[in-house]
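Everything below concerns the one structure shown next.
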Amino acid sequence: MSPRRAHNGGRIDRSTTLRFIFDGTAMTGHAGDTLASALLANGISVVGRSFKYHRPRGVFSAGIEEPNALVTVIKGKLREPNIPATQIELYDGLAVESQNRFPSLSLDIGAANGLAGNLFAAGFYYKTFMGPVVGPLKGTRFWMFCEHFIRRAAGLGRAGHEPDTDRYEKMYGFCDVLVVGSGPAGLTAARRAATEGKRVFLAEQEPEFGGSLRWKSAIIDGSSAADWVAATLVELASLPNVTLLPRTTVWGYYDDNALAALERVTDHKAHAAIGEPRQRHWTIRAKDVVLATGAFERPIVFPGNDRPGVMLAAGAARYATEFGVLPGERIAIFANNDSAYESALALKDAGAEIAAIVDVRAGVSVAARELAREAGGELLLGYAVTNTSGARRLREIEVQPFADGKVKEGATRAFAVDCLAVSGGWSPAIHLASQAGHAPQWDEALQAFLPPAPTQRWTGAGAFTGAFSTASAIGGNIAVNEPEIEYEPAPVFEIRPTGKKSGKAFVDLQHDVTASDIRLAHREGFQSVEHLKRYTTLGMATDQGKSSNVPGLAIMAAARGLPIPEVGTTRFRPPFSAVSLGALAADRHRHFKPERLTPMHDWHVARGARMYAAGLWYRPMIYGTGGETVEQAYVREAKAVRASVGIVDVSTLGKIAVQGPDAAELLDRVYTNMFSTLPVDKARYGLMLREEGIAFDDGTTWRLGEHDFLMTTTTANAGKVMQHLEYYLDCVWPDLRVHVTSVTDEWAGAAVAGPNARRVLEACVDGTGVDNDALPFMGIVRGEIAGAPVMICRLSFSGELAYEVYCGAGHGQHVWDALMNTGQAFDIVPYGLEALGTLRIEKGHVTGAEIDGRTSPRDLYLDWMLSKKKPYIGSAMVDREGLVASDRVRLVGVVALDDRPLQGGAHIVERLGEEPRGSIGHITAFCFSPALGKYIALAMVKGGKARHGQRAFVSDPVRNRYGPVEIVSHHFFDPEGSRMHG
């Protein structure tokens, strides 16, 4: 038997021995152990060092709220720090190391910080390093000197530098009911919803379902708690409408019942199976949510409460009952409520000796007294633990009489113990509800914050609502046999001995925040809960104050002479617990920016396309053949479009679904021109401005139904336009009944352009005509291509007869192939961004090069789109003096007179000298025009149209390019539009 392993009991598999390494030392555990339970079983008392004072710390809890036992998991060269040992499932070959110590846990030179006394009190870095004068180090110079050392000392674990080689996945789930938590309340809610025929997801952050029933001794419907859980799970697993998600933490609650969850798929395995990801990130949309997330046990703050061997009572009982591990051989209990008495009996049944049960209350319930009698040990009512002693683990506790919220003068008693199990009451895990709605509500009887009133479709169940007993959690007609204990605690959060000097009393164990730090913050004016948190770092550790927040708030409330609800609490924000960046990024986790690929990407690459990053998307630049230069390739492609037909991948255009009764009204407000008058199955070109009247984005919007529009944006601005719309809907016009949804990835798109474009479509489109009557300019039709549904809009960016063909992204390659195959009879050519740019420059269309954040509609000669019948974003500012001045730069065309290439960014000047000066504008985009046989460009030049026909010069000293140019209309090719209207 290992030093602390109980002879029997627990849910571990004692027949399977697992080997693991902790700080270089080989140890063993059993299947079903956590790293924390295995360390306790191996007699390890010190598992880490605290952040500031480097004090030795032991395992404090058995769950996700653990503040002390943080380790770094090592797999090969990869290091993942700050993982709670309570959340690491033991597997053969696991290697971990402790943190925040040097050179070792047993001998850490950082412990010298504890000798500095009040130097490291709350706000020490502000006071110590920002002002004192030390020789030449005056004011902030002293901080700059100290900063290097401070930053080296900051943090706990040390991350590695090797790239993450694990694979991650993303999943999207839709259900009628999402149940979060699988304790008695969660299992009951899931079974009830499932039997009603609803689609149910049941998410549990632990490896096994059952919650507290895994270590409680209740009898449910005549069966043990474990048997009842097993039977319920068999029933749920057999139902096709139930999805069970173990090892899945729901960490964020967002609008419209959208929740984020992290599933740990292979973190508990030495090696992932082929195709298995390490973690899977879920986005779950639920019609209804049941929050059955349980509660966290709180500690009591007293001197010496951080010594290894001091832990939460329920955690101690869980180690004994679930893992067959004794956290101590001689254990004392310290409590202000009845639940600790159940823990005392569980520890006694596992083989521990109960030395004493210390309770601050003068009287307890009959059920608690009976539990104390069965557990053994001396029952000390009206007493409190006032100090502890021991070097690297607890050896002794001191107790004194306690009444009226104070320690009373009297004989101090000492008990030799190696574990102190503490219970200061329970705090419901209301984090998700707080994220989804209002501030939590204080319950005086439970001395805890309860969830706010729902603002979304969720209901609470079990301990989450303050119903801590198994019977109240299950409810209904199911018989539950358990001790009828009282969960209401005495309102005691801190024990302050009098008449003698005592040790530090810690509130936040990980960040070394003491009770005196909180009182210091009060004296120095940091009394708001938000200021308290940031000044002392209370609740800012990896556990986010799950066990420390309420005691900390109670101490501040006492200092201010106010009740706790008036002091308030900080709001909970996602994530509920740590989420790896790899899981958030999923299969793009190796990139700072994701590489977005269209459905036809592989086809482009296989045809020799040179890919180009356009925003986050990869698009073909050219399809080079036979050693062509970039210019030769795009000229060939552009010629082919003008001569017959070409096809370009436009899947990357931003696409936003605008839906709802006020969809047309929203579009009228964000576009400068009218969209409410647009007929169904027609499209219209639109221009957006910023509030100051500057052009923001342009694109076409298609009316698919009375209240259903599809907005398209430029590729690069898709995200910005979406943010623009969401801002105005959320903050400016929240009354509009509109939903905007990014559907860019849902649609694949191909633009077919050229004189033979209609003939290609006529040959492959079924279910609709595409002639001029059936599909006029800016019209929309629906049909099929090679059996795949498509939506076709007749519009042109190239100046040719052109159509944009949209289909579901999954059909993108299929439809593209069909268009290419049909187009072979017309010598169809795929063309890339360079040819696309050439065609648009010849036609004079503007893009982001001209809509660069400085130009107004008049600068671009788009003032014909400014409605006089309605207001719109920017309408109040678009006519201000600075935007209508005659000397503003405006859009023109430029032709090189020396037959040499032009370059974007080159200046246009009226005279050339040794040092060209007096810029009148600059080139925005350029190309060789196969239609004109010349090098041409678009430019922004002072005077605009007034300069048509004038000569000027290009001045580009960076690239040593100078030469004569002619300023002309930006409509180089087919200004009447006869080709695209043909």
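In this text the structure is predicted, and so the values were computed from the model without any measurement.
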Note to self: Just verifying a value: how many Å separate K348 NZ and I354 CD1, rounded to the nearest 0.5 Å?
What the structure shows: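 Output value for this atom pair is 9.5 Å.
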Pairing donors with acceptors under 3.5 angstrom, does anything connect the side chains of [X] and [Y]?
| X | Y | value |
| --- | --- | --- |
| E204 | S182 | yes |
| Y341 | N337 | no |
| T249 | R264 | yes |
| S15 | D13 | yes |
| T72 | E97 | no |
| R49 | S98 | no |
| W426 | S339 | yes |
| T266 | E276 | no |

Check: Which residues pass the side chain to side chain donor-acceptor pair (under 3.5 Å) test with K170, sequence neighbours left out?
Finding: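 Checked K170 against side chain to side chain donor-acceptor pair (under 3.5 Å); zero matches.
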Note to self: Quick one, I220 with I478, criterion side chain to side chain contact (heavy atoms under 4.5 Å, CB included). Give me CA distance, side-chain angles, the key distance, then yes/no.
What the structure shows: CA-CA 7 Å; I220 305 173; I478 299 176; 3.6 Å; yes
Notebook entry, point to check: Are there more than 12 heavy atoms of other residues, nucleotides or ligands under 6.0 Å from atom NZ of K269?
Noted result: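 More than 12 heavy atoms, drawn from other residues, nucleotides or ligands, come within 6.0 Å of this atom.
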Margin query: Is it the case that over 12 heavy atoms from other parts of the model lie below 6.0 angstrom from the CZ atom of R285?
Written below: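 No, the 6.0 Å shell around CZ holds no more than 12 heavy atoms from other groups.
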Item checked: F576 six-ring centre to K546 NZ/CZ under 6.0 Å and within 45° of normal ->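 Positive - K546 is close enough to the ring of F576 and near enough to its axis.
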Note to self: On the six-membered ring of Y319, is R4 placed so that its NZ or CZ lies under 6.0 angstrom from the centre and within 45° of the ring axis?
What the structure shows: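 No; the conditions do not both hold, so R4 does not lie above the ring face of Y319.
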Distance-only, no hydrogens or angles: does the [X] side chain make a donor-acceptor pair with backbone N or O of [Y] under 3.5 Å?
| X | Y | value |
| --- | --- | --- |
| E66 | F60 | yes |
| N82 | G157 | yes |
| D92 | R19 | yes |
| Q279 | S580 | no |

Next item on the list: Start with the C-alpha gap between E208 and R11, add the side-chain angles, then the distance that decides, and say whether salt bridge (charged side-chain N to carboxylate O under 4.0 Å, His left out) holds.
Entry: CA-CA 11 Å; E208 295 184 38; R11 298 165 62 87; 3.0 Å; yes
Check: How far apart are the C-alpha atoms of R57 and D306, what are their side-chain angles, what is the distance that settles it, and do they pass the salt bridge (charged side-chain N to carboxylate O under 4.0 Å, His left out) test?
Finding: CA-CA 7 Å; R57 293 284 164 77; D306 70 322; 2.9 Å; yes
Next item on the list: Mind running salt bridge (charged side-chain N to carboxylate O under 4.0 Å, His left out) on D176 and K287 for me, showing each step along the way?
Entry: CA-CA 5 Å; D176 296 314; K287 183 177 180 182; 5.6 Å; no
Margin query: Can you tell me which residue among K75, R278, R247 is in a salt bridge (charged side-chain N to carboxylate O under 4.0 Å, His left out) with D267?
Written below: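 Looking at K75, R278, R247, the match for D267 under the salt bridge (charged side-chain N to carboxylate O under 4.0 Å, His left out) is R278.
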Next item on the list: May I ask you to decide if the ring planes of F468 and Y487 are parallel, tilted or perpendicular, using 30° and 60° as cut-offs?
Entry: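 Because their plane-to-plane angle lies in the 30° to 60° range, the rings of F468 and Y487 count as tilted.
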Margin query: Centroid separation under 6.0 Å, is that true for the rings of H268 and Y91?
Written below: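 Y91 vs H268: aromatic centres not under 6.0 Å.
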Checklist line | Pair R5-I12, side chain to side chain contact (heavy atoms under 4.5 Å, CB included): steps then yes or no | finding: CA-CA 11 Å; R5 184 74 72 178; I12 56 172; 3.3 Å; yes
